[in-house]
Number of protein chains: 2
Amino acid sequence: MAKKETKQKILDAAELLFAEQGFSDTSLRQITGDAGVNLASVNYHFGSKKDLIKAVMDRYLATFMPASDTALLHLLAQPSVTLHQVFNCFVAPLMQLANIHGQGPAIFLQLLGRGYIDNQGFLRWFIVNHYGQVLNNFTQAIKKAAPGLSSSDVFWRLHFTLGTVVFTMASSEALRDIAKTDFNENIDVEGLVRKMIPYLASGVGAKPIE
Amino acid sequence: MAKKETKQKILDAAELLFAEQGFSDTSLRQITGDAGVNLASVNYHFGSKKDLIKAVMDRYLATFMPASDTALLHLLAQPSVTLHQVFNCFVAPLMQLANIHGQGPAIFLQLLGRGYIDNQGFLRWFIVNHYGQVLNNFTQAIKKAAPGLSSSDVFWRLHFTLGTVVFTMASSEALRDIAKTDFNENIDVEGLVRKMIPYLASGVGAKPIE
DNA sequence: GTCTATAATGGGATAGAC
DNA sequence: GTCTATCCCATTATAGAC
């Protein structure tokens, strides 16, 4: 029982620090210090720092990916589809991550961005190998909503979209602070995600260069 | 004379490693090893690792920013403006960075993304304080091209755009490899930038949620 | 300006008592 | 399962001979 508690405390502290500072800039001493547990417990429970990173990521991926996949499959069964509907498939699964942690949605997207950029792409490998089918369904849905796009266009625009989302979320705290100061605008993560959707849908649906 | 050579060799080696691996994951030993110079020379010439990072960034910013500003000011003097024109202001200044290094355009954007995400925002501070006027003119141009957008919308969409660009460039090598394998598509950095512009222009110009 | 050698620090991981 | 103590390694930075 104390075992489970310690594991949870480590995961909770680690995800916050990883999201804020990145993986390399976060030490096990910081994590265990914040979590109030012993330094050696990370290696006891997770084996290594790298395995801890994977565990932190998978806690989110394991709930986010299946939920998104269900929504995408449901949408693909419809006779016609819009890009807004495609992107909306991810909103509820994302918001549902608040059950894992109050700031779960923001943390997850930050971690996703870190993992994609930081390391030698080991996270990209992990996602493609474990959740590749979700990406396929996402691509299918985009093609159905925007039949004029070539496969190559869809590929590129998916990555443009990923960039928009993860980069914005990685700096979301600072950006929301600025928005509050400069525009007197209080916006939460869900509001920010909804603000992105028209941008993403319009970008993905743009007429490509010939 | 040997002084200048060493400084250059360090900068050339450092920017490649920083762009590929990030700042924290690149050691001075790697840099001096690749550059073929002595370990201690970094501190002699630059003072510290942090100052080296700033020097690497500023070599690019010092040519990119004024050139972009000139193009933006020229555009702002026109009677009417489109979003495509606004984004095109950055293409020539970006491509011109090939004079600094063959892969200069890609390296610069990768560094920009790293600096924006990696550290405690010191790069954001640096850019805003040294090149804030360019950002202002960029904002002005967007507002002129898309008068329906509120200041807040412009603010957010600028950051969405920045995210798209730097994230794509940070993973551009891997993505271009995939495009070659899966779609038999040979694309260089300039081609990729031009592929992004319709996406960005359409995203920025999208009708915002009310 | 350049080099060797080394200081000073902080990192991940582990052995072994409890 | 947990803790202390420690090992071993890599890092940045610097002192001092050349």
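These numbers come from the heavy atoms of this one structure, side chains and all, not from hydrogens, waters or symmetry mates. Below, chains carry the letters A, B, ... as their sequence lines are ordered, and counting in each starts from 1.
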Run the side-chain hydrogen bond (donor to acceptor under 3.5 Å, both in side chains) test on A:Lys143 and A:Ser151 for me, step by step, so that the C-alpha distance in whole Å, both residues' side-chain angles and the decisive distance to 0.1 Å come before the verdict. CA-CA 8 Å; A:Lys143 282 190 177 176; A:Ser151 292; 2.7 Å; yes
Do side-chain atoms of B:Ser202 reach the backbone of B:Tyr199 as a donor and acceptor pair under 3.5 angstrom? no
Just the table, please: protein N/O against nucleotides 9-12 of chain C N/O, every pair under 3.5 Å.
from: C:dG11; atom 1: OP1; to: A:Ser27; atom 2: OG; distance (Å): 3.4
from: C:dG12; atom 1: OP1; to: A:Leu28; atom 2: N; distance (Å): 3.4
from: C:dG12; atom 1: OP1; to: A:Lys49; atom 2: NZ; distance (Å): 3.0
from: C:dG12; atom 1: OP2; to: A:Leu28; atom 2: N; distance (Å): 2.8
from: C:dG12; atom 1: N7; to: A:Arg29; atom 2: NH1; distance (Å): 2.9
from: C:dG12; atom 1: O6; to: A:Arg29; atom 2: NH2; distance (Å): 3.0

Looking only at atom types and distance, does a side-chain atom of B:Asp188 sit under 3.5 Å from a main-chain N or O of B:Gly191, one as donor and one as acceptor? yes
Using 30° and 60° as the class limits, which term best fits the ring planes of B:Phe64 and B:Phe108: parallel, tilted or perpendicular? tilted
For atom CG of A:Asn38 and atom C1' of C:dG16, their distance in whole Å: 13 Å
Please determine if a side-chain N or O atom of B:Thr6 lies less than 4.0 Å away from the OP1 or OP2 oxygen of C:dT2. yes
Pairs involving residues 93-111 of chain A, ordered by first then second residue, that meet side chain to side chain donor-acceptor pair (under 3.5 Å) (sequence neighbours left out): A:Glu15-A:His101
Distance-only check: which donor-acceptor pairs under 3.5 Å involve side-chain atoms of residues 28-36 of chain A, not counting sequence neighbours?
from: A:Gln30; atom 1: OE1; to: A:Ser27; atom 2: N; distance (Å): 3.4
from: A:Gln30; atom 1: NE2; to: A:Gln21; atom 2: OE1; distance (Å): 3.4
from: A:Thr32; atom 1: OG1; to: A:Leu28; atom 2: O; distance (Å): 2.8
from: A:Thr32; atom 1: OG1; to: A:Arg29; atom 2: O; distance (Å): 3.4

Rounded to whole Å, OH of A:Tyr44 lies from P of C:dG16 at a distance of 17 Å
So, does B:Ser41 get its side chain near the phosphate of C:dG1, meaning an N or O under 4.0 Å from OP1 or OP2? no
Rounded to the nearest Å, what distance is computed from the CD1 atom of residue A:Ile10 to the C1' atom of nucleotide D:dT2? 11 Å
Quickly work out the A:His45 NE2 to C:dT14 C1' distance and round it to whole Å. 15 Å
